[in-house]
Amino acid sequence: MLLYVDDIVLTASSPQLLHRVIAALKNQFAMKDLGPLHHFLGVAVQHRSDSLFLSQRQYTLDIIAHHGMSACKPCTTPVDTCAKVAAEAGPPVADPTSYRSLVGALQYLTFTRPDLPTQFSKFAFTCMIPGRHLVAAKRILRYLQGTISHGLVIPRSAPTQLTVYTDADWAGCPDTHRSTSGYAVFLGSSLVSWSSKRQPTVSRSSAEAEYRAVANGVAEATWLRQLLQELHQSLQFACLVYCDNVSAVYLSSNPIQHQRTKHVEIDLHFVRERVAIGAVRVLHVPTTSQFADVFTKGLPSSVFMEFPSSLNGRFSHAKMDLIYLHKGRTDFTM
């Protein structure tokens, strides 16, 4: 059950159980059954026999129109490949409030657009003095103009395997020299979790930055594995974690604590313990097959065009078949 104020979305393992839950809720609350789910908090939900499709098309159109970009020329990528701009680069904009509003609105789009998160940690860092980052934010609007109908596809598949792709952009921030970690977690063939986040400390080597990204991905996979156990959907196979840095892969299984890595001891022991008990396997993947690459840096258009489909982000149409309820006024106090 997903509850937000007075709106409820329900799903269950069988129609019979679903109807019993609805009947139990109606005994306590004044409910209105709106039938199959088609829209929830700005997210349109469509259903087909082999997948679900989540999109925020109308929300995207509203953002573009609100910021006067309805007639803008589309671009092929949301982030420039040379996007490492200092926090105070360029003169401050006259109205930073509009910039902050735009960044906040765009962040909500990341729920169905895994091709967008790369820049938002940088935008949040520059909300007080936007400078040249306003140009970067408007570039995202131009990208959205050409991909309005894109969204997230959740294909029907057996949830038997957790697969994680991790990546890091070493010392990518020109102000703090901190790295950006990114990961994408797949349950079966469905993308269920993704992240692009600046690391809390400066990494002294690319291997260290990549290993911290691996640790973040393993932590997310560990939580998801525990959640699946609580839902009685325990996984039978070890989680596969793919990293494109050979040194980071070696560190995950090497029991020897080297002098140059002892300052990341907590991350080292955390990942190694998961590897030792057989819950995780850390493997190398070529950069060309590293799906998390899009979360850490700007990519050329020729490379970027392959990533939305790899992350199950694409254009689609369909019809949905979940249950959407509206909780009306009632004397029952929760």
Side-chain angles (χ1 to χ4, degrees), residues 79 81-84 114-115 117-119 121-122 161-174 176-186 191 193-224 238-300 302-304 306-307 310-311:
V79 182
T81 54
C82 300
K84 294 182 180 180
D115 49 338
T118 309
Q119 282 286 82
S121 61
K122 301 173 186 176
Q161 179 74 65
L162 268 178
T163 307
V164 184
Y165 293 85
T166 69
D167 192 33
D169 178 23
W170 181 40
C173 176
T176 64
H177 297 290
R178 295 181 183 178
S179 308
T180 299
S181 295
Y183 62 74
V185 184
F186 291 83
L191 179 65
S193 180
W194 59 93
S195 171
S196 176
K197 186 177 181 180
R198 183 175 299 170
Q199 295 183 359
T201 58
V202 177
S203 295
R204 298 171 63 187
S205 66
S206 59
E208 180 182 335
E210 294 278 2
Y211 198 86
R212 292 188 190 278
V214 169
N216 291 338
V218 171
E220 181 71 6
T222 301
W223 176 78
L224 287 171
C239 172
L240 301 181
V241 179
Y242 289 103
C243 172
D244 59 7
N245 185 281
V246 176
S247 297
V249 174
Y250 288 159
L251 285 173
S252 67
S253 57
N254 184 2
I256 299 176
Q257 185 71 25
H258 295 288
Q259 182 71 20
R260 62 187 178 89
T261 59
K262 68 178 183 180
H263 57 289
V264 289
E265 186 173 359
I266 293 178
D267 283 340
L268 285 171
H269 283 292
F270 169 67
V271 176
R272 284 175 183 168
E273 283 186 357
R274 304 303 299 175
V275 171
I277 65 177
V280 170
R281 293 179 60 199
V282 181
L283 306 172
H284 180 259
V285 65
T287 301
T288 53
S289 300
Q290 175 55 275
F291 297 157
D293 216 21
V294 72
F295 297 141
T296 60
K297 61 182 75 71
L299 302 175
S302 58
V303 178
F304 177 81
E306 300 178 7
F307 277 90
S310 301
L311 297 172

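Since this is a predicted model, take the numbers as computed values, not measurements. Only heavy atoms go into these numbers, but all of them, side chains included; no hydrogens, no water, no symmetry mates.
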Which distance, rounded to the nearest 0.5 Å, do you find between the [atom1] of [X] and the [atom2] of [Y]?
{"X": "L240", "Y": "T163", "atom1": "CG", "atom2": "OG1", "value": "5.0 Å"}
{"X": "L283", "Y": "Y242", "atom1": "CG", "atom2": "OH", "value": "5.5 Å"}
{"X": "W194", "Y": "D115", "atom1": "CH2", "atom2": "CG", "value": "9.5 Å"}
{"X": "S181", "Y": "R212", "atom1": "OG", "atom2": "CZ", "value": "8.5 Å"}

Would you name the heavy atoms of [X] and [Y] that are closest together and state the gap between them?
{"X": "V282", "Y": "V249", "result": "O-CG1, 3.6 Å"}
{"X": "Q199", "Y": "A209", "result": "NE2-O, 2.9 Å"}
{"X": "R281", "Y": "A238", "result": "CG-CB, 4.2 Å"}
{"X": "A184", "Y": "L191", "result": "CB-CD1, 3.9 Å"}
{"X": "T176", "Y": "V202", "result": "O-CG2, 3.5 Å"}

Are [X] and [Y] packed together at the side-chain level, in the sense that at least one heavy-atom pair is separated by less than 4.5 angstrom?
{"X": "Y183", "Y": "F295", "value": "no"}
{"X": "Y211", "Y": "S252", "value": "yes"}
{"X": "S203", "Y": "W170", "value": "yes"}
{"X": "V241", "Y": "V218", "value": "yes"}
{"X": "E220", "Y": "V164", "value": "no"}

| query | When K297 is tested against each of D169, T180, D167 for side-chain hydrogen bond (donor to acceptor under 3.5 Å, both in side chains), which residue passes? | reply |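 That would be D167; it is the only one of D169, T180, D167 passing the side-chain hydrogen bond (donor to acceptor under 3.5 Å, both in side chains) with K297.
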Between the side chain of [X] and the main-chain N/O of [Y], is any donor-acceptor distance below 3.5 Å?
{"X": "Q290", "Y": "Y165", "answer": "no"}
{"X": "S179", "Y": "A171", "answer": "yes"}
{"X": "R272", "Y": "D267", "answer": "no"}
{"X": "S289", "Y": "P286", "answer": "no"}

| field | Check: S206/E210 side-chain N/O donor and acceptor closer than 3.5 Å | value |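 Judged by distance alone, the side chains do not pair up.
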